Amino acid sequence: MTMDQPDRPQPADGPAEGTPLRRRGKALEAAIFEAALDQLTSGGFARMTMEGVAGAAQTGKAALYRRWASKADLVMDALVAAMPPPADFPDLGSAEAELRQVVHGYIEVLNSRIGAAVRTLMGELDHERAELFKGFLHERVIEPTTEGILGILRRGEARGDVRRGAAVPMVADVLPAMLLYRARVCVGMIEEDFCEELLGRVLLPMIRP
C-alpha cells in the first residue's frame, strides 16, 4: 500500500519575496543609483539612509559600503551617472535661435529627476558637503554651458548679429545663473514663459548690435 506524498512546493520564477536580487556589476550599480536618486528626491538628503537605498535596490548594505564611504559619496556618483553629457551647440544661423536651444535644453534637465535632485541638494547640504556638490555643479553644468554660450556669442560677433565685445564670461554666465537661481527659489517646474522672458528681456538686449 502506498501513502499519498505531501505536496512539495514548486520553485517560483525568480527570487522569493524579500530575497535580494543577485545583480552584479553595472546592473547593480544602476539599481543603486536609481534608488539613491529616488530616496533623495522623495525624502530629502537629511532623511536619506544607506539602509534605505540598499533596501530599495534590493541588495545588502555591505554592497554599498564596499564602494561608498558615505551617502554623500554615493549621491555624487549617482548624479554624475545620471547627468547627460555636455551638449554640442550647433550653428543654427542666428545667435537668438542658438541661445533659445540652450535655454530649452537647460530647463529640460532642470525639470527632470536629476534636476529635482540638484534642487534638493542646493537647499539641504551643509558647508562641507556643499563644497563637493559645487564642484560637481561647476564641472558638469555651469562650465560646459558657459563655454557653449561663449562659442555662440563669438559666432554671432563674426556674423554680425551679436555686438562686438559681448562674448565675455560675465555675459555668458547670466543664463545659467538665472536658471539655477530660479530652480533654487521656486517650487515646481521652470515654465517656458519664464525662459522666453529671460531671453527677450535680459539676454538678447545685452548682446544685440
Side-chain angles (χ1 to χ4, degrees), residues 21 23 26-87 102-149 172-198 202:
L21 297 176
R23 287 176 292 210
K26 291 298 183 181
L28 177 58
E29 181 183 81
I32 292 170
F33 286 164
E34 182 176 0
L37 293 180
D38 284 344
Q39 297 270 312
L40 175 65
T41 55
S42 63
F45 183 81
R47 295 176 60 189
M48 174 185 172
T49 65
M50 296 290 264
E51 292 84 351
V53 173
Q58 299 185 47
T59 189
K61 186 173 63 173
L64 274 63
Y65 280 112
R66 278 196 293 269
R67 179 162 179 184
W68 299 282
S70 69
K71 65 179 182 179
D73 294 334
L74 170 57
V75 166
M76 289 302 107
D77 279 358
L79 289 173
V80 169
M83 181 67 70
V102 173
V103 170
H104 286 287
Y106 218 99
I107 64 170
E108 183 177 344
V109 172
L110 290 176
N111 286 341
S112 67
R113 184 174 65 164
I114 184 69
V118 167
R119 291 196 298 272
T120 299
L121 289 171
M122 288 173 74
E124 286 194 40
L125 288 185
D126 61 29
H127 177 72
E128 182 179 348
R129 288 188 294 261
E131 290 300 315
L132 177 64
F133 175 63
K134 283 193 295 186
F136 159 79
L137 197 62
H138 180 77
E139 293 175 10
R140 293 297 299 267
V141 180
I142 298 173
E143 185 175 318
T145 304
T146 299
E147 287 300 314
I149 293 173
D173 281 340
V174 169
L175 181 59
M178 288 290 292
L179 287 171
L180 286 173
Y181 170 79
R182 184 78 173 189
R184 180 169 186 176
V185 302
C186 296
V187 178
M189 300 289 191
I190 300 177
E191 298 180 351
E192 298 285 338
D193 290 348
F194 169 77
C195 295
E196 288 299 321
E197 192 171 6
L198 175 59
V202 179

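Hydrogens, waters and symmetry mates play no part in the numbers below; they use all other heavy atoms, side chains included. Note that the coordinates shown come from a computational prediction; the quantities given were computed from them, not determined experimentally. Quick note: residue numbers are just sequence positions, from 1.
Rounding to the nearest 0.5 Å gives a distance of 11.0 Å between CD1 of Ile107 and OG of Ser112. Interatomic distance, CD1 of Ile190 versus CG of Asn111, reported as 5.5 Å (0.5 Å rounding). Between the CD atom of Glu147 and the CD atom of Glu143 there is a distance of 6.0 Å, given to the nearest 0.5 Å. Taken to the nearest 0.5 Å, the CE atom of Met50 stands 4.5 Å off from the CG atom of Leu64. Annotation: the span from Glu196 atom CD to Asp193 atom CG amounts to 8.0 Å, rounded to 0.5 Å. Within the model, atoms OG1 of Thr145 and CG of Asp173 stand 10.0 Å from one another, a figure rounded to the nearest 0.5 Å.
For Glu191, the side-chain hydrogen bond (donor to acceptor under 3.5 Å, both in side chains) test picks out no residue, with sequence neighbours left out. The ring pair (Phe, Tyr, Trp, His ring centres under 6.0 Å) check on Tyr106 picks up nothing, with sequence neighbours excluded. Contacts of Thr41 classified as side-chain hydrogen bond (donor to acceptor under 3.5 Å, both in side chains), with partners at least two apart in sequence or in another chain: none. Not counting sequence neighbours, the partners of Arg113 by the side-chain hydrogen bond (donor to acceptor under 3.5 Å, both in side chains) test are Asp38. Qualifying side chain to side chain contact (heavy atoms under 4.5 Å, CB included) partners for Ala35, counting only residues two or more places apart in sequence or in other chains: Val53, Ala56, Ala57. For Arg67, the salt bridge (charged side-chain N to carboxylate O under 4.0 Å, His left out) partners at least two apart in sequence or on another chain are Glu29. Contacts of Val75 classified as side chain to side chain contact (heavy atoms under 4.5 Å, CB included), with partners at least two apart in sequence or in another chain: Leu40, Phe45, Met48, Leu79, Leu121. Scored by the side-chain hydrogen bond (donor to acceptor under 3.5 Å, both in side chains) test, Ser70 finds Asp73 as partners (sequence neighbours excluded). Evaluation of the salt bridge (charged side-chain N to carboxylate O under 4.0 Å, His left out) rule for Asp77 yields no partner, not counting sequence neighbours. Partners of Glu197 according to the salt bridge (charged side-chain N to carboxylate O under 4.0 Å, His left out) rule, which considers only residues two or more places apart in sequence or in another chain, are Arg201. The salt bridge (charged side-chain N to carboxylate O under 4.0 Å, His left out) search around Glu192 returns none, not counting sequence neighbours.
Within a 6.0 Å sphere centred on CD of Glu108, other residues, nucleotides and ligands contribute 12 heavy atoms or fewer. Within a 6.0 Å sphere centred on OH of Tyr181, other residues, nucleotides and ligands contribute 12 heavy atoms or fewer.
Smallest separation of non-hydrogen atoms from Gly44 and Thr120: CA-CG2, 3.9 Å. Residue Cys195 comes nearest to Leu179 through the heavy atom pair SG-CD2, 4.2 Å, listed as atom of the first residue, atom of the second, then distance. Listed here is the closest heavy atom pair of Thr49 and Gly52: OG1-N, 2.8 Å. The nearest pair of heavy atoms linking Met83 to Phe136 is CE-CZ, 3.7 Å.
Leu180 has its side chain within reach of Leu110: a pair of non-hydrogen atoms, C-beta onward, lies under 4.5 Å apart. At least one side-chain heavy atom of Ile32 sits under 4.5 Å from a side-chain heavy atom of Trp68. Residues Val141 and Pro176 have side chains not in contact (no heavy-atom distance under 4.5 Å, counting atoms from C-beta outward).
Evaluation of the salt bridge (charged side-chain N to carboxylate O under 4.0 Å, His left out) test over residues 48-63, restricted to residues two or more places apart or in two chains, returns Glu51-Lys61.
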